[in-house]
There are 2 protein chains.
Amino acid sequence: MTSEPTMSDSKNTLTNAVHDLLRRAIIEQALKPGMRLPEDTVGEQFGVSRTIVRHALVRLENEGLVITRRNRGAFVAEPSREEAQQIFEVRRCLENEVIRILCERLPSNACDRLEAHVRSEETVKGKDGPVSIRLAGEFHILLAELTGNEVLARYVTEVVLRCSLIMSLYARTHSSDCAVDEHSQIIEAIRAGDAARAIGIMDHHLGAVAGRAELSPRADSIQSILSRYGKELAQ
Amino acid sequence: MTSEPTMSDSKNTLTNAVHDLLRRAIIEQALKPGMRLPEDTVGEQFGVSRTIVRHALVRLENEGLVITRRNRGAFVAEPSREEAQQIFEVRRCLENEVIRILCERLPSNACDRLEAHVRSEETVKGKDGPVSIRLAGEFHILLAELTGNEVLARYVTEVVLRCSLIMSLYARTHSSDCAVDEHSQIIEAIRAGDAARAIGIMDHHLGAVAGRAELSPRADSIQSILSRYGKELAQ
DNA sequence: GGCAAGCAAATTGTATCCAATTGACGGAAA
DNA sequence: TTTCCGTCAATTGGATACAATTTGCTTGCC
């Protein structure tokens, strides 16, 4: 589940490699939001031509991790607070569905895999580094993949990745202590087939994650701020 | 809402144009599932180079409307019955969320726009042509866009389009008579703020749509069919 | 008659090349 | 001093050329 079997693993080798590398770099905050991604710089770095980089960037844009401006190039996305709330809304909806499905039909080895993952999360517990961020996200991705619904899994993957990006932008702290514990609780509830409780925990969990990002208070989009100052200038 | 303002309308003009054109052609069944899409054939047809076509195809692949095989090229997707069920599952989940949101916060002009759309659906009622298929889908897309949640709207758009493709593969009939009527009922329920009823209708509606496609009965993958005919030939 | 190997055609994968657009810098005029 | 305009460097948008891979067919052998 880690990261590779992205449905296009064995094809488009180079494009895929660059795509995965860039995505990882973004999620782990090596590439920070707003940072430019010039095609030939990236290309030289990886020893491939712009063509490859370009294709990778197109994909990343589709995933919402990168935005491109015409004739300006690609930038690591900087989700607005509004966008962040929308993403969290969708994520909650999707993950609740995941829980619902898993409580109905849980694959045999599911709990083992989930618990194994939580253990690996615990080994990096305390360190608030990029690795723990990635692992925390991958727990949810694993959960989605266990449903067997690949479409659902793909969407959950996308939203989770974007949430990682959001947290790197807005979160005050990444203290994942409680998170790991809640992951365990979710496993418990699912094993018991208690959908209601599992959804409750998940809601609380996502709420906590979203809460750690200060999404609501400030008005965020430049235009929403400036719109209060009159529009007369723009002819 | 019709089709253009796809968040990247004014940029990448050529790529976008080809992308939209191909998508439309697929949804309206001008390009049938399984049909090949050679890059230079398409390119010549539209008077652009392979570069453009390829970018468009990458996008379409991300949307699940085409698949590409390494060194073989791109084909219009032929969703398996299993995949189709997964898509319907996700669609139901997402559209229920749409309803829930709309019952809470309904934009002022929403009902007008929805009813206008239903009226335009009624004008082509009876004719089971590609246009009515597209319009039926666009009702749901409009619904999603009215939530104001762009992420949600994007996912709904994707699933709805894929459902159109699925229907063109598996549906016995496209009789959209009942569908249009149910669209009206959904508007009614939303206007009344009755989320439970609206969701009920939507569930029934999607169930009917999914039911019109004979998804469950036959095993569909080639290998699962042929496996019953003995495997002795293949060494 | 069937099977395997090898060759040729077609198509994609990748790199390089030219053109067009953008943003920045600097100079000139008000 | 400030604003405006023109030129220039940098970077992407798009097209073409070459390499690698696959496929289907032909040929020859069993």
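- A/Asp40 places its CG atom 17 Å from the P atom of D/dG14, with the value rounded to the nearest Å.
- Donor-acceptor pairing under 3.5 Å, judged by distance alone, is present between the side chain of A/Arg50 and the base of D/dG13.
- One interatomic measurement links the two molecules: CZ of B/Phe75 to C1' of C/dT11, which rounds to 10 Å at whole-angstrom precision.
- One atom, CG of B/Asn71, and another, P of D/dT21, lie 8 Å apart when rounded to the nearest Å.
- Atom CD of B/Glu39 and atom P of D/dT16 are 14 Å apart (whole Å).
- Contact between the side-chain N/O atoms of A/Arg36 and the OP1/OP2 oxygens of C/dG23 is not found at any separation under 4.0 Å.
- The shortest distance between the side-chain N/O atoms of B/Arg54 and the OP1/OP2 oxygens of C/dG13 is below 4.0 Å.
- Each of B/Thr51 and B/Leu37 lies near DNA chain C, and the nucleotide nearest B/Leu37 is the one positioned closer to the 5' end.
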Step-by-step ring pair (Phe, Tyr, Trp, His ring centres under 6.0 Å) determination, B/His183 to B/His117: CA-CA 10 Å; B/His183 286 181; B/His117 188 96; 7.6 Å; no

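- Proximity of A/Arg72 to the phosphate of C/dG23: a side-chain N or O atom is located under 4.0 Å from OP1 or OP2.
- Residue B/Ser49 places at least one side-chain N or O under 4.0 Å from the OP1 or OP2 atom of D/dA15.
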CA sep, side-chain torsions, deciding dist, call: B/His55, A/His55, ring pair (Phe, Tyr, Trp, His ring centres under 6.0 Å): CA-CA 7 Å; B/His55 282 180; A/His55 285 171; 5.1 Å; yes

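- With sequence neighbours left out, the side chain to side chain contact (heavy atoms under 4.5 Å, CB included) criterion links A/Arg92 to A/Asn96, A/Asp203, A/Leu206.
- Distance, A/Leu14 CG to D/dT21 P: 12 Å, rounded to whole Å.
- Rounded to an integer number of Å, the gap from CZ of B/Arg70 to C1' of D/dA19 is 12 Å.
- Put simply, CD1 on B/Ile52 is 13 Å from C1' on C/dA20, counting in whole angstrom units.
- Salt bridge status for B/Arg162 with B/Glu158: absent, with no side-chain N to carboxylate O gap under 4.0 Å.
- Residue B/Arg69 contributes atom CZ, which lies 17 Å from atom C1' of C/dG13 at whole-angstrom precision.
- Salt bridge annotation for A/Glu63-A/Arg59: absent, with no cationic side-chain nitrogen under 4.0 angstrom from a carboxylate oxygen.
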